Amino acid sequence: MPEGPEIRRAADTLAAAVIDQPLTEVDFAFPQLKHYRQRLIGERIVAIEPRGKALLTHFSNGLTMYSHNQLYGVWKVAQAGETPVTKRDLRVRLETAQRAILLYSASDITLGPREEIERHPFLTRIGPDVLDVSLTAQAVAQRLLSPRFRKRQLGGMLLDQAFLAGLGNYLRAEILWQAQLAPQHKPQDLPPHALQRLAQALLAVPRLSYQTRGQADDSRHHGALFSFKVFHRSGEPCARCGATIVRAELSSRPFYWCPGCQK
């Protein structure tokens, strides 16, 4: 499943294609959404907002569409009137005079007044978006030490969207490597300097991934600007201490770490 940085880059691409242009064609595959078609034609998309791993598409008439790609959903951009050849099922088409944005294969799509969508169960359950520029390391440190999270092991907690929205499996591995921590640690047991290092890594790693990943030629380790330090590098030497990186299973997901410097 794409993680926060990939979702935000997708939102940027979609917005660049259609933002603030009148919709000339709207189509929904799900019967319960089809009656919105006439209410949206002629309106504009005013913002496409990531919330963790979900997207909110805001329209000029006050309606908002919630969509979550889950495992199989994908957005594509096409020229107006064109539909890419694919075996995926088209769920949503939002088209302007020049471009169209198309959502395929997603099953979690809801549309309604903005204030109603804000009460969607997923949105009320998730924590602060890790890529929110107003989120500070101090606020993250306080969240780490809050009663809800202070006693939880980091390996599982970093996949819980209720802690910070947008984190996922590769970010979990890279953040813990950056913070020099093993997944078994609990926030309440960390000395102040380790807690601060973790809080900073929780923001710095996703933000670096968003800003730079994909700008270099992608390789197995996703390019030179954001290169994985441990993820998918089992058997290779750690860039920090030289010990051999290990692959394990953690919270039913593959996990990569360095036993030499993640104490």
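Index from 1, following the sequence. For clarity, every value in this text was computed on a predicted model and none was experimentally measured.
Hydrophobic clustering of Ile, Leu, Val, Met, Phe, Trp and Tyr side chains at less than 4.5 Å, counting indirect connections, unites F231 with L181. Two different hydrophobic clusters hold Y170 and I7 under the rule that ILVMFWY side chains link at heavy-atom gaps under 4.5 Å. L14 and Y72 are not part of a single hydrophobic cluster, where members link through side-chain heavy atoms under 4.5 Å apart.
The other members of the hydrophobic cluster of L90, by chain and number, are V74, L102, Y104 (side-chain heavy atoms under 4.5 Å, ILVMFWY only). In this structure, L159 shares a hydrophobic cluster with no other residue, the cluster being traced through Ile, Leu, Val, Met, Phe, Trp and Tyr side chains under 4.5 angstrom apart. Hydrophobic clustering, defined by side-chain heavy atoms of Ile, Leu, Val, Met, Phe, Trp and Tyr closer than 4.5 Å, leaves V46 isolated from every other such residue. Other residues sharing a hydrophobic cluster with L123 under the 4.5 Å side-chain heavy-atom criterion for ILVMFWY residues are L56, Y66, I117, F122, I126.
In this structure a side-chain-to-backbone donor-acceptor pair under 3.5 Å is missing from R99 to V18.
With 3.5 Å as the limit, one finds a donor-acceptor pair spanning the side chains of R247 and Y256. Judged by distance alone, the side chains of R44 and T96 never bring a donor and an acceptor atom under 3.5 Å apart. For the residue pair S107 and Q70, a side-chain donor N or O sits within less than 3.5 Å of a side-chain acceptor on the partner.
Surrounding NZ of K34 are more than 12 heavy atoms belonging to other residues, nucleotides or ligands, all under 6.0 Å away. Dense packing is recorded around CD of Q32, with more than 12 heavy atoms of other residues, nucleotides or ligands lying under 6.0 Å away.
Between E6 and K53 there is no salt bridge, since no side-chain nitrogen of the basic residue lies less than 4.0 Å from a carboxylate oxygen of the acidic one. One finds a salt bridge joining R51 and E49 here, because a Lys/Arg side-chain nitrogen approaches an Asp/Glu carboxylate oxygen to under 4.0 Å.
Taking all atoms of both residues into account, the shortest heavy-atom contact from L103 to S67 is CD2-CB, 3.9 Å. Nearest approach of Q178 to R240, heavy atoms of both residues: O-NH1, 3.9 Å.
Residues that satisfy the ring pair (Phe, Tyr, Trp, His ring centres under 6.0 Å) test with F163, not counting sequence neighbours, are F149. Not counting sequence neighbours, the partners of D132 by the side chain to side chain donor-acceptor pair (under 3.5 Å) test are S134.
Side-chain atoms of L167 and L202, non-hydrogen and from C-beta on, do get closer than 4.5 Å to each other.
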Checking side chain to side chain contact (heavy atoms under 4.5 Å, CB included) for the pair R114/L63: CA distance, chi angles, key distance, verdict? CA-CA 5 Å; R114 193 163 305 172; L63 293 176; over 6 Å; no

Pair L198-I175, side chain to side chain contact (heavy atoms under 4.5 Å, CB included): steps then yes or no: CA-CA 7 Å; L198 174 59; I175 287 166; 4.0 Å; yes

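In this structure, CG on N169 lies 10.5 Å from OG on S252, to the nearest 0.5 angstrom.
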